[in-house]
Amino acid sequence: MPTLRLFNTLGRQLQDFVPLVPGKVGFYGCGPTVYDYAHLGNMRPYVLHDILVRSLRYLGYEVTHVMNITDVGHLSGDSDLGEDKMLKRAEERGKSVYEIAEFYTAAFFRDTERLGVARPSVVCKATEHVADMIALIKRIEAKGYTYSAGGNLYFDVTKFPSYGELALLKLDELKAGARVEVDPNKRNPADFALWFTKSKFGNQAMVWDSPWGRGYPGWHIECSAMSMRYLGEQFDIHAGGVDHIPIHHTNEIAQSEAATGKKWVNYWVHNEFLNFGKLKMAKSSGEFLTLQSLVDKGYDPLDYRYFLLGAHYRSQLAFSWESLDSARSARRSLLDRVLALAEKGHAAPIASIGPAARARLESFVAAMAEDLATPRALAELWGALRDPELPAPEALALALEMDGILGLGLAGARRAEAAAVDPELAAWIEGLVAERAAAKKAKDFARADAIRAELAAKGVVLADGAGGTAWKLA
RNA sequence: GGCGCAGUACCCAAGCGGGAAGGGAGAGGUCUGCAAAACCUUCAUGAGUCGGUUCGACUCCGACCUGCGCCUCCA
């Protein structure tokens with residue numbers, strides 16, 4: 001097996017992946033803030049994390065994948081001036097924050113499941129780990145990295161010499177208040193809150209007692225506390241969107257390493273954004289498309305997965321309906337090819353494939369190992385399915401093996417007739433198909449074509465083959 | 001103002017200091033009563049622009065142009 005190489009944001013270079021413990025990987029992927037539906041752009045990192053985990057497991061690692069659910073503390077502004085997103089949404093809806101969280105968490109997992117994303121080993125909620133956060137903040141405080149102001153506890157970034165290393169930030173170059181009002185309580189604009197007590201939502205359910213007063217945690221602390229809880233004080237990989245590099249992850253590193261005095265995470269993996277037209281897809285501005293809206297338009301969620309895999313995760317990707325159509329066409333063609341192969345016989349045992357197929361598989365694995373180069377991997381998949389030299393059982397074996405990492409649903413490919421179709425509709429179609437067969441036999445091609453047209457009008461596509469006429473719903 | 005990233009065919013999108021992957025769309029063909037699928041052929045003498053380094057650059061360096069992101073929140 002080749003060595004996995006990952007582009008590490010910390011250092012900005014491709015590096016050989018070497019785990020802390022041989023054969024094992026601790027991986028923390030930033031999860032959702034469950035105050036609204038996830039949009040298509042939000043889904044990109046979860047597909048990436050899934051691809052990363054699948055690749056690691058394929059390469060023989062035992063992976064512990066931890067994902068957080070942010071259900072408290074995520075402010076709409078990183079100061080006491082901001083509002084907690086969860087509380088705000090709960091007030092708007094007249095629901096409790098827990099009801100809001102439960103609703104959108106369920107929606108989130110419904111979407112990721114449809115995208116073929118495996119459930120993480122551990123899913124942890126911020127509200128259930130406040131004690132861990134308080135314990136961690138105490139350690140940070142004991143080491144002298146904090147100060148109190150205006151009733152809140154802040155992290156003093158000037159006490160942490162390597163602050164901003166991940167994001168290549170220099171403290172004196174940051175333009176304070178470039179786009180937002182400065183929190184007057186902060187000594188330095190880059191300082192961030194570990195614990196809030198002065199809350200305009202102080203009468204809400206989401207407050208906890210702490211050594212600094214009754215209040216709630218800052219947003220960044222949850223990831224540090226929960227990752228350490230499940231993966232230890234040092235672990236291998238932390239992933240999230242590029243937007244988190246300058247603030248969220250930078251602050252996580254500062255507070256985590258301040259607390260332990262040790263290097264926290266070895267490899268940082270960040271996905272680029274999905275853009276909609278020229279703008280990023282965002283809840284605040286631009287387009288907001290959910291996975292469900294794609295399903296409503298007739299796309300398979302895995303079409304969207306294919307679309308994502310067509311670009312490298314570190315490239316900005318522009319969403320367009322044309323591109324999504326292209327992905328759907330490509331994936332359908334893939335499924336057709338796999339079906340055609342499956343109808344010729346069973347897949348060969350992967351261990352017994354010949355040299356040509358073996359070489360294809362190795363190229364595929366090499367592409368995945370080279371910083372998860374899914375576009376190249378897809379090209380290898382196409383190559384395997386198009387190569388006239390490969391015996392059908394071997395081509396099928398390759399496709400299924402590759403799909404174990406890509407997750408495009410090739411193994412579950414079914415002829416449309418086998419899919420769930422209303423029995424009455426099916427009977428009607430079968431009747432016309434039989435009638436057309438009779439017409440064809442009688443050389444009544446006008447009648448045969450009329451039936452084809454009639455069915456086509458209902459979205460039924462006919463395909464004449466050696467074994468008779470197959471049909472499917474378009 | 002500072003920092004980071006990108007500009008490849010009709011669209012999406014890779015790799016690479018020395019033959020420009022792959023997909024979609026398009027065109028022609030084989031096959032088919034018709035159609036679909038499949039298969040074959042075709043589709044960037046050129047990679048934002050201009051310089052430089054080099055025997056050789058799309059690939060390195062510089063400038064410029066254009067676009068995007070970050071320095072609130074965001075995946």
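Bear in mind the structure is a predicted one, so any value in this text is a computation, not a measurement.
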Letter by letter from the 5' end, nucleotides 34-41 of chain B scores (B base, S sugar-phosphate only, - none; protein heavy atoms under 4.0 Å) BBB-SS--
From the set [options], return the single nucleotide nearest to any side-chain atom of [X].
| X | options | answer |
| --- | --- | --- |
| A:Trp219 | B:C68, B:G15, B:C73 | B:C73 |
| A:Ser329 | B:A75, B:G24, B:C73 | B:G24 |
| A:Ala330 | B:A14, B:G24, B:G22 | B:G24 |
| A:His39 | B:A75, B:C71, B:G23 | B:A75 |
| A:Ile247 | B:C73, B:G24, B:C68 | B:C73 |

Say you pick atom [atom1] in [N] and the same atom in [M]; how far apart are they, in whole Å?
| N | M | atom1 | result |
| --- | --- | --- | --- |
| B:G62 | B:U53 | P | 15 Å |
| B:C43 | B:G7 | C1' | 22 Å |
| B:C40 | B:G15 | P | 26 Å |

Check your understanding: Does A:Ser315 put a side-chain nitrogen or oxygen below 4.0 Å from OP1 or OP2 of B:A14?
Key ->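 The answer is yes; a side-chain N or O of A:Ser315 sits under 4.0 Å from OP1 or OP2.
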**Prompt:** When all nucleic acid strands are considered with a 4.0 Å heavy-atom cut-off, which category describes A:His270: base, sugar-phosphate, or nothing?
**Reply:**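 The answer is nothing, as A:His270 stays clear of every strand by at least 4.0 Å.
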Query raised in the report: What nucleic acid atoms does A:His248 come within less than 4.0 Å of, heavy atoms only: base, sugar-phosphate, or nothing?
Result: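 A:His248: no heavy atom of the nucleic acid under 4.0 Å.
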To the nearest Å, give me how far apart [atom1] ([X]) and [atom2] ([N]) are.
| X | N | atom1 | atom2 | answer |
| --- | --- | --- | --- | --- |
| A:Phe273 | B:G4 | CZ | C1' | 14 Å |
| A:Leu334 | B:G24 | CG | C1' | 13 Å |
| A:Trp382 | B:G23 | CH2 | C1' | 6 Å |
| A:Glu380 | B:G15 | CD | C1' | 12 Å |

Symbol by symbol from the 5' end, with Watson-Crick or G-U pairs under 3.5 Å, [ ] crossing and | another strand, RNA chain B is (((((((..(((.....[...))).(((((.......))))).....(((((..]....))))))))))))....
ask   = What residues, two or more places apart in sequence or in another chain, satisfy ring pair (Phe, Tyr, Trp, His ring centres under 6.0 Å) together with A:His249?
value =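 For A:His249, the residues satisfying ring pair (Phe, Tyr, Trp, His ring centres under 6.0 Å) (neighbours in sequence not counted) are A:His238, A:His244, A:Trp268, A:His270.
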Among residues 392-404 of chain A, which ones have heavy-atom contacts with RNA chain B below 4.0 Å?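 Nothing qualifies; none.
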Taking only Lys NZ, Arg NE, NH1 and NH2, and the carboxylate oxygens of Asp or Glu, determine whether A:Asp71 and A:Lys125 approach each other closer than 4.0 Å.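 Salt bridge absent between A:Asp71 and A:Lys125.
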Could A:Arg305 and A:Asp300 be called an ion pair, given the rule that one side-chain N must be under 4.0 Å from one carboxylate O?
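No, this pair does not count.
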If you look only at distance, which donor and acceptor atoms sit under 3.5 Å apart when one is on a side chain in residues 376-392 of chain A and the other is two or more places apart or in another chain?
unit_1	atom_1	unit_2	atom_2	d
A:Trp382	NE1	A:Tyr306	OH	3.0
A:Asp387	OD1	A:Glu389	N	2.9

Output a table of nitrogen or oxygen pairs between the protein and nucleotides 8-12 of chain B separated by less than 3.5 Å.
none

